Q: 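Before I ask anything, here is the structure I am working with.
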2 protein chains.
Amino acid sequence: MEQFFNDKIITAARFAKALGHPVRLHIFMLLSSQSHCYSGDLSEDLPIAKSTLSQHLKELKNAGLIQGSIETPKIRYCLNYENYELAKKIFSEIFIKN
Amino acid sequence: MEQFFNDKIITAARFAKALGHPVRLHIFMLLSSQSHCYSGDLSEDLPIAKSTLSQHLKELKNAGLIQGSIETPKIRYCLNYENYELAKKIFSEIFIKN
DNA sequence: TTCGTAGTTCGCAAAATTACGAACATTAGT
DNA sequence: ACTAATGTTCGTAATTTTGCGAACTACGAA
C-alpha cells in the first residue's frame, strides 16, 4: 500500500508521524531553538523513564530528524539539518493555501 | 503525562499525528489544493476499503483538520480553515531555523 | 579492579492503530 | 414497499506504539 503513494507523501508522513508525539515534538522544538542538547538534560526535564526517552530519541533519529554525537560520557543531540530543511520545505508546500 | 506539556505542543502533536499516515496526508494535501472532494472519489482513487477510508476521515475530522457536509447522497469534505491556519502557524513556528 | 556516570537494550504488558468484510442506516427514486 | 447509492458502525485480527524496570555496555576516574 505504501507503494501507491509518491515519495514526497511517504517522506512527509514519516516526518509527521515522528513529530506526532508530545515528547518527540518537544525535543524537536527544543533543538530547533537551541542548537543542541544532551540526553541527560532531557531526562531530567521530562516526566518519563530514561529507557522511554531513549526510544523516542531513536525514533527521531530513525526518521532522520535528529542526530547524536558522542561526547563521552554524554551524547550530544542536534538537528539533522539536511532533513530539517527538507521537512521545512515539504511542510511549507503542504500548507500553501493563503 | 499530557498535562506536562503546554497547549501548543499538544495541539501541534495532534495535528502531526493525524498527518502521520500516507492516506490521511494524501487527503489533506488534496483538500489543500482543490477546495473540496467527495468521499466516493477518494474511495475510487485509494487502494483501501471504504470502511478504512471512513475511519481515516473520522480521524482527520477528530483532529480538527477537515470537515464534512452532507450533500445527499454524498458527503462533501473540505478543510477546517480555522485549524488549517492554526496548524500552518504552529508548523511555521516549529521550523524557524533558517 | 572497582565504582560511578550515561545511555541502550531486553522483556514484558497495556493500549492504540490499521485494515477488512459484513451488517446497518439513510435517503432518493421506481 | 423495494432497490440502489453512499457511508458508517461493528466485530475481529494483526501489528505497532508507548512505557516501565531490570539488566547490560562503555568509559573514565579513584
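Owing to the predicted nature of the structure, the values given are computational and were not obtained by experimental measurement. Protein chains get the first letters and strands the later ones, always in sequence-line order, with residue 1 at the start of each. Side chains are part of it too, since the values below use all heavy atoms of this structure and drop only hydrogens, waters and symmetry mates.
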Q: In whole Å, what is the span from the CZ atom of B:R76 to the C1' atom of D:dG7?
A: 18 Å
Q: Verify side-chain hydrogen bond (donor to acceptor under 3.5 Å, both in side chains) between A:Y84 and A:S32, making sure each step is shown before the conclusion.
A: CA-CA 9 Å; A:Y84 181 88; A:S32 181; 3.1 Å; yes
Q: Considering all heavy atoms of both residues, which atom of A:A18 and which atom of A:L65 are nearest to each other, and what is their separation?
A: CB-CD1, 3.9 Å
Q: For nucleotides 8-21 of chain D, read 5' to 3', which letter fits each nucleotide if B means a protein heavy atom sits under 4.0 Å from the base, S means only the sugar-phosphate is that close, and - means neither?
A: SB-------SBBBB
Q: Do A:Y38 and A:E71 meet the criterion of a side-chain donor-acceptor pair at a distance under 3.5 Å?
A: yes
Q: Compute the centroid of each ring, for B:F95 and then for A:F28, and state whether the two points are separated by less than 6.0 Å.
A: yes
Q: Would you grab the first and last nucleotide of DNA chain C (5' to 3') that comes under 4.0 Å of any non-hydrogen atom in chain A?
A: C:dA6 to C:dA19
Q: Could you tell me whether B:K89 and B:E85 make a salt bridge, using a distance below 4.0 angstrom between a side-chain N and a carboxylate O?
A: no
Q: Determine whether A:H56 and A:I48 make a side-chain contact, defined as any pair of heavy atoms from C-beta on separated by less than 4.5 Å.
A: yes
Q: So, using side chain to side chain contact (heavy atoms under 4.5 Å, CB included) as the criterion, who are the partners of B:H26 when residues are at least two apart?
A: A:F5, A:I9, B:L46
Q: Count the heavy atoms of every other residue, nucleotide or ligand shown that sit under 6.0 Å from NZ of B:K58, and state whether that count exceeds 12.
A: no
